Amino acid sequence: MARDSDYGAFMEKFILQPSSSSQELPLSGLTFAVKDIFDVDGYITGFGNPDWARTHSAATSTAVAVLAVLKAGATCVGKAVMDEMAYREVNTLSHTKITKDNEDDVSTTADPIP
């Protein structure tokens, strides 16, 4: 069941405005969410694991990829849910209570990274 209109997609919501207000930037007017594996200055990167997030400090810089999208004119709206510690889980995201629609779809299963 959805927690609200975002269907539980966010670990944390916040707004980061583009570095320039020019309407001519290629991503001007678009929004994006950062997966919880990328650092954002002032926010904890938890890698999808609340225990990791509770035991680590906030980032002191922002990932280059995030800065590039902001510089191109897009607005960041928060950190998005991800599989725990970047390992793909087969049936559920245990900490977020999100389940897959089709558990029989073999294209969505994978062995853990060695």
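In this text, all values refer to a predicted model and were calculated from it rather than measured experimentally.
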Quiz item: Under the ring pair (Phe, Tyr, Trp, His ring centres under 6.0 Å) rule, what pairs show up with a residue in residues 53-83, not counting sequence neighbours?
Solution: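 Counting only pairs at least two positions apart or across chains, the ring pair (Phe, Tyr, Trp, His ring centres under 6.0 Å) contacts touching residues 53-83 are W52-H56.
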Under 3.5 Å, which donor-acceptor pairs do the side chains of residues 29-40 form with other protein atoms, sequence neighbours left out?
from : atom 1 : to  : atom 2 : distance (Å)
K35  : NZ     : V81 : O      : 2.6
D36  : OD1    : G46 : N      : 3.1
D36  : OD2    : G46 : N      : 3.2
D36  : OD2    : F47 : N      : 3.1
D36  : OD2    : G48 : N      : 3.0
D39  : OD1    : T45 : OG1    : 2.6

Quiz prompt | Check: I44 and R54 side chains under 4.5 Å, non-hydrogen atoms | solution =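 The answer is no; the side chains never approach within 4.5 Å.
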Quiz item: Heavy atoms, side chains only, cut-off 4.5 Å: are Y43 and E12 in contact?
Solution: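 Yes; the side chains approach each other to less than 4.5 Å.
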Exercise answer: donor-acceptor pairs, residues 65-78 side-chain atoms, under 3.5 Å, sequence neighbours excluded:
none

Quiz item: Do F10 and I15 belong to the same hydrophobic cluster, where Ile, Leu, Val, Met, Phe, Trp and Tyr are linked whenever their side-chain heavy atoms lie under 4.5 Å apart, directly or via other members?
Solution: yes
Quiz item: Quick one: salt bridge (charged side-chain N to carboxylate O under 4.0 Å, His left out) pairs with a partner in residues 14-26, sequence neighbours left out?
Solution: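 Found none.
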Practice problem: Name all pairs fulfilling the salt bridge (charged side-chain N to carboxylate O under 4.0 Å, His left out) condition that reach into residues 58-68, sequence neighbours left out, sorted by first residue then second. | Solution: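 Counting only pairs at least two positions apart or across chains, no salt bridge (charged side-chain N to carboxylate O under 4.0 Å, His left out) contact touches residues 58-68.
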Quiz item: Can you list every pair that meets side-chain hydrogen bond (donor to acceptor under 3.5 Å, both in side chains) and has a residue in residues 57-67, with sequence neighbours left out?
Solution: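 Non-adjacent pairs meeting side-chain hydrogen bond (donor to acceptor under 3.5 Å, both in side chains): zero.
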